[in-house]
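These numbers come from the heavy atoms of this one structure, side chains and all, not from hydrogens, waters or symmetry mates. Along the sequence shown, residues carry numbers from 1.
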Amino acid sequence: MVRAKGDSMVPKINNGGYVAFLPYSDMQNIMWGQIYVVVMENRRVVKYVRRHRTDSRMVVLKSANDNYDDMDVSLDEINALYLVERIINIQDCF
C-alpha cells in the first residue's frame with residue numbers, strides 16, 4: 001500500500017489517499033480502463049490505462065481529473081505495472 005500524492009486522480013483518489021496494488025506482469029493482456037501504478041524510468045504514476053487508438057505499441061495514461069492531459073506512452077517505456085485493487089481516501093477531521 002502506498003500513499004498517493006497530487007490531485008491528478010481526484011475525485012477517484014484524493015491527495016494523501018492510499019492505494020493497495022498487486023504486481024501485474026502480463027503486458028500483452030492489460031485490463032483496459034483499470035487503474036494501475038505505472039513505473040517508468042523517471043517517474044511513477046497512478047493512472048487509468050487505456051488502449052491507444054492508432055498504435056498497438058502505445059498506451060494512453062489518463063487522469064481522473066480533467067485538468068490533466070492524457071499521456072501517450074510506449075509499452076517499451078513501462079518498466080512495471082501494478083494493478084490497483086483498493087483505494088482508501090481518508091478525509092481530515094480537523
Go through it in stages, so that I can follow the logic: the residues are I78 and V39, the test is side-chain contact (heavy atoms from CB on, under 4.5 Å), and I'd like the CA-CA distance, side-chain angles, deciding distance and then a yes or no. CA-CA 6 Å; I78 298 174; V39 179; over 6 Å; no

Note, [X] side chain near [Y] side chain (heavy atom, < 4.5 Å):
X	Y	answer
V84	V37	yes
Y18	I87	no
L61	V45	yes
V19	R86	no
V60	H52	yes
I13	V10	no
V73	M58	no
K5	R44	no

S63 vs M71, test: side-chain contact (heavy atoms from CB on, under 4.5 Å). Steps then yes/no. CA-CA 9 Å; S63 299; M71 298 168 48; over 6 Å; no

Please, which pairs that meet salt bridge (charged side-chain N to carboxylate O under 4.0 Å, His left out) have at least one residue in residues 49-58, sequence neighbours excluded? D55-R57

Can you pull out every salt bridge (charged side-chain N to carboxylate O under 4.0 Å, His left out) where at least one residue sits in residues 59-76? Sequence neighbours excluded, please.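 Qualifying pairs: K62-D70.
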
Look at the side-chain heavy atoms of Ile, Leu, Val, Met, Phe, Trp and Tyr, link any pair under 4.5 Å apart, and say whether [X] and [Y] land in one connected group.
X	Y	result
I88	V2	no
V59	Y36	yes
M40	I30	yes
L22	Y24	no

Over-ring placement of K12 relative to Y48, 6.0 Å and 45° cut-offs: no

If we count only N and O atoms by modelled type, under 3.5 Å, do the side chains of D7 and Y68 hold a donor and an acceptor together? yes

So how far is it from [X] [atom1] to [Y] [atom2], rounded to the nearest 0.5 Å?
X	Y	atom1	atom2	answer
L81	L75	CG	CG	8.5 Å
R43	N79	CZ	CG	12.0 Å
E41	E77	CD	CD	10.0 Å

Under 3.5 Å, side chain of N65 to main-chain N/O of S8, donor-acceptor pair present? no

Just jot down the ring pair (Phe, Tyr, Trp, His ring centres under 6.0 Å) partners of F21, sequence neighbours excluded, or say none. Y82

